[in-house]
Participant: 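Below is a structure I'd like to ask you about.
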Amino acid sequence: MQAFFVGATLVVLAAVVPCLYRILRGPTIIDRIIGVNVVGTKTIAVIVLVGCIFDRVEFFIDIAIVYALISFVGTLALSKYFERKAVLQREATR
């Protein structure tokens with residue numbers, strides 16, 4: 001059963017590669033923020049899978065929940081910051 005969880009973890013980690021491309025080469029800042037959010041979501045999945053590998057799911061679930069909250073708040077903060085920055089730039093060009 002451990003081999004399954006290791007394989008699933010590797011598949012999730014492999015799915016991060018297209019997201020990294022979007023983060024590095026995204027045409028807009030919104031694409032980059034979404035890429036970071038997706039990588040955060042995949043990281044949460046990897047944390048839970050590692051918990052299954054070590055048979056300590058209850059410990060790793062707590063870490064995953066905290067990481068999810070931090071990721072969510074960070075995404076909201078970045079989105080709000082760049083939204084305000086865009087509004088200020090539009091007002092400055094008028």
Participant: List the atom pairs, donor and acceptor, that lie under 3.5 Å between side-chain atoms in residues 64-89 and the rest of the protein, sequence neighbours left out.
Facilitator:
residue : atom : partner : partner atom : Å
T75     : OG1  : S71     : O            : 2.9
S79     : OG   : T75     : O            : 2.9

Participant: Under 3.5 Å, side-chain donor or acceptor atoms of residues 32-52 against the rest of the protein: list the pairs with distances, not counting sequence neighbours.
Facilitator:
residue : atom : partner : partner atom : Å
R32     : NE   : I23     : O            : 3.1
R32     : NH2  : L24     : O            : 3.4
R32     : NH2  : G26     : O            : 3.1
T41     : OG1  : N37     : O            : 3.0
T43     : OG1  : V39     : O            : 2.7

Participant: Which ILVMFWY residues are connected to Y21, directly or by a chain of links, through side-chain heavy atoms under 4.5 Å apart?
Facilitator: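 None; Y21 is a cluster of one.
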Participant: Check residues 1-17 and write down every donor-acceptor pair under 3.5 Å in which the side-chain atom is one partner and the other belongs to a residue at least two apart or another chain.
Facilitator:
residue : atom : partner : partner atom : Å
Q2      : NE2  : I53     : O            : 2.7
T9      : OG1  : F5      : O            : 2.7

Participant: Are F59 and V57 grouped together when hydrophobic residues (ILVMFWY) are joined by side-chain heavy atoms under 4.5 angstrom apart?
Facilitator: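 Different clusters: F59 never reaches V57 through Ile, Leu, Val, Met, Phe, Trp or Tyr contacts under 4.5 Å.
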Participant: State which residues pass side-chain contact (heavy atoms from CB on, under 4.5 Å) with D31; sequence neighbours excluded, sorted by chain then number.
Facilitator: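 By the side-chain contact (heavy atoms from CB on, under 4.5 Å) rule, D31 matches R22, P27, T28.
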Participant: Enumerate the salt bridge (Lys or Arg N to Asp or Glu O under 4.0 Å) contacts for residues 43-67, please, sequence neighbours excluded, ordered by first and then second residue.
Facilitator: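 Found R56-E58.
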